[in-house]
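These notes concern the structure reproduced below.
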Amino acid sequence: MTLKDGAIFISDSHYNDERVILEEILTAINTNKIQTTQLFLMGDMFDFLAEEISYFKNKNEPIIELINKISNNIEIIYFEGNHDFNLKDLFPNVEVIQREKQPIILKENNKTIALSHGDIYTPTFYNIYTKIIRNKYFLNLLNFIDINHWLSKKSEQNLKNKNICKKQKGFDEFIKNRIKSYSIDLIIEGHFHQAIITDNYINLPSLCCSKQYMVYQNNQFKFNMI
């Protein structure tokens with residue numbers, strides 16, 4: 001994988017029927033109002049999406065189709081997040097990066113760059129949880145008992161009520177420890193919704209919180225407003 005000049009990074013849009021900015025930016029890309037050579041979807045693009053859960057798959061179908069349409073003309077790399085996983089069958093022309101394969105390491109402009117959604121280097125309990133929640137048999141069971149979508153609708157409402165747009169205290173210290181975990185020139189990740197750029201750490205903005213995405217151009221990263 002090579003990072004291309006003009007690449008766009010979108011992260012943490014948490015799309016649902018109330019947070020629709022992901023549809024706006026994807027439509028702008030599809031119609032060339034926003035031009036890019038390469039599109040990185042950095043995880044949690046949907047409030048929830050997994051191939052096995054029918055309710056969310058059907059509800060998100062217009063955005064799934066839009067991503068697939070763009071992928072016919074533009075290279076798309078999709079880093080699975082903690083809200084969207086088991087995606088490969090939904091996006092046949094997209095390079096889907098599962099959590100266990102993150103971070104992806106790139107070489108660009110004499111720098112080694114690590115890319116991930118961000119929910120890695122985590123405690124053992126969380127790692128066990130992520131394996132369970134991604135298990136196809138477990139998800140198929142949940143889908144089977146989701147009669148009249150009672151479970152999906154309850155989960156959907158809980159996700160809508162969650163406050164995801166807030167500043168994290170002590171994030172500067174978190175960054176220092178994060179850099180030690182990676183031991184690399186530059187880290188790019190989403191997940192934390194903090195929209196910070198430093199010389200060796202970038203936390204991508206949450207599209208739904210700050211209406212921003214990131215562009216790589218002329219060997220520089222910058223945040224743009226939609």
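Numbering starts at 1 and runs along the sequence shown.
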Counting N and O atoms only, with roles assigned by atom type, does the side chain of [X] sit under 3.5 Å from a partner on the main chain of [Y], one being a donor and the other an acceptor?
X	Y	answer
Glu51	Asp89	no
His193	Ile164	yes
Asn135	Tyr137	yes
Asp47	Asn16	no
Thr37	Asp5	yes
Gln38	Thr2	yes

(request) Just say parallel, tilted or perpendicular for the rings of Phe46 and Tyr78, cut-offs at 30° and 60°. (result)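 Answer is parallel, since the angle falls under 30°.
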
Under 6.0 Å from the [atom1] atom of [X], do we count more than 12 heavy atoms belonging to anything else shown?
X	atom1	value
Lys33	NZ	no
Tyr129	OH	no
Lys101	NZ	no

(message) Quick check on the hydrophobic clustering: are Met42 and Phe223 connected, directly or via other members, by side-chain heavy-atom contacts under 4.5 Å?
(response) yes

(request) For the pair Phe40 and Tyr216, evaluate ring-ring contact (aromatic ring centres under 6.0 Å, His included) and give the outcome as yes or no after the intermediate values. (result) CA-CA 11 Å; Phe40 288 88; Tyr216 175 71; 9.4 Å; no

(request) Measure the CG-CD1 distance between Leu151 and Ile53 for me, rounded to the nearest 0.5 Å. (result) 7.5 Å

(message) Using side-chain heavy atoms (C-beta onward) and a distance below 4.5 Å, is Asn68 in contact with Glu65?
(response) no

(message) Counting C-beta onward and ignoring hydrogens, is there a side-chain heavy-atom pair between Ile97 and Leu115 closer than 4.5 Å?
(response)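 No, every pair of side-chain atoms sits at 4.5 Å or beyond.
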
(message) With side-chain hydrogen bond (donor to acceptor under 3.5 Å, both in side chains) as the rule and sequence neighbours excluded, what pairs involving residues 139-150 come up?
(response)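 Qualifying pairs: Ser54-Asn143, Asp146-Ser152.
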
(request) Verify whether the ring centers belonging to Phe48 and Phe85 lie closer than 6.0 Å. (result) yes

(request) Can you spot which of Thr27, Ile63, Asn60, Leu66 makes a side-chain contact (heavy atoms from CB on, under 4.5 Å) with Leu22? (result) Ile63

(message) It should be assessed whether the SG atoms of Cys209 and Cys165 lie less than 2.5 angstrom apart.
(response)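 Yes, disulfide present: SG-SG under 2.5 Å.
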
(request) Could you pull out all residues at least two apart from Lys88 that satisfy salt bridge (Lys or Arg N to Asp or Glu O under 4.0 Å)? (result)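 Listed in chain order: nothing, the list is empty.
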
(message) ring-ring contact (aromatic ring centres under 6.0 Å, His included), that's the test. Do Tyr201 and Tyr182 meet it? Break it down for me.
(response) CA-CA 10 Å; Tyr201 181 85; Tyr182 279 88; 7.9 Å; no

(message) So which atom in Met45 and which in Asp12 form the shortest heavy-atom distance, rounded to 0.1 Å?
(response) SD-N, 4.1 Å

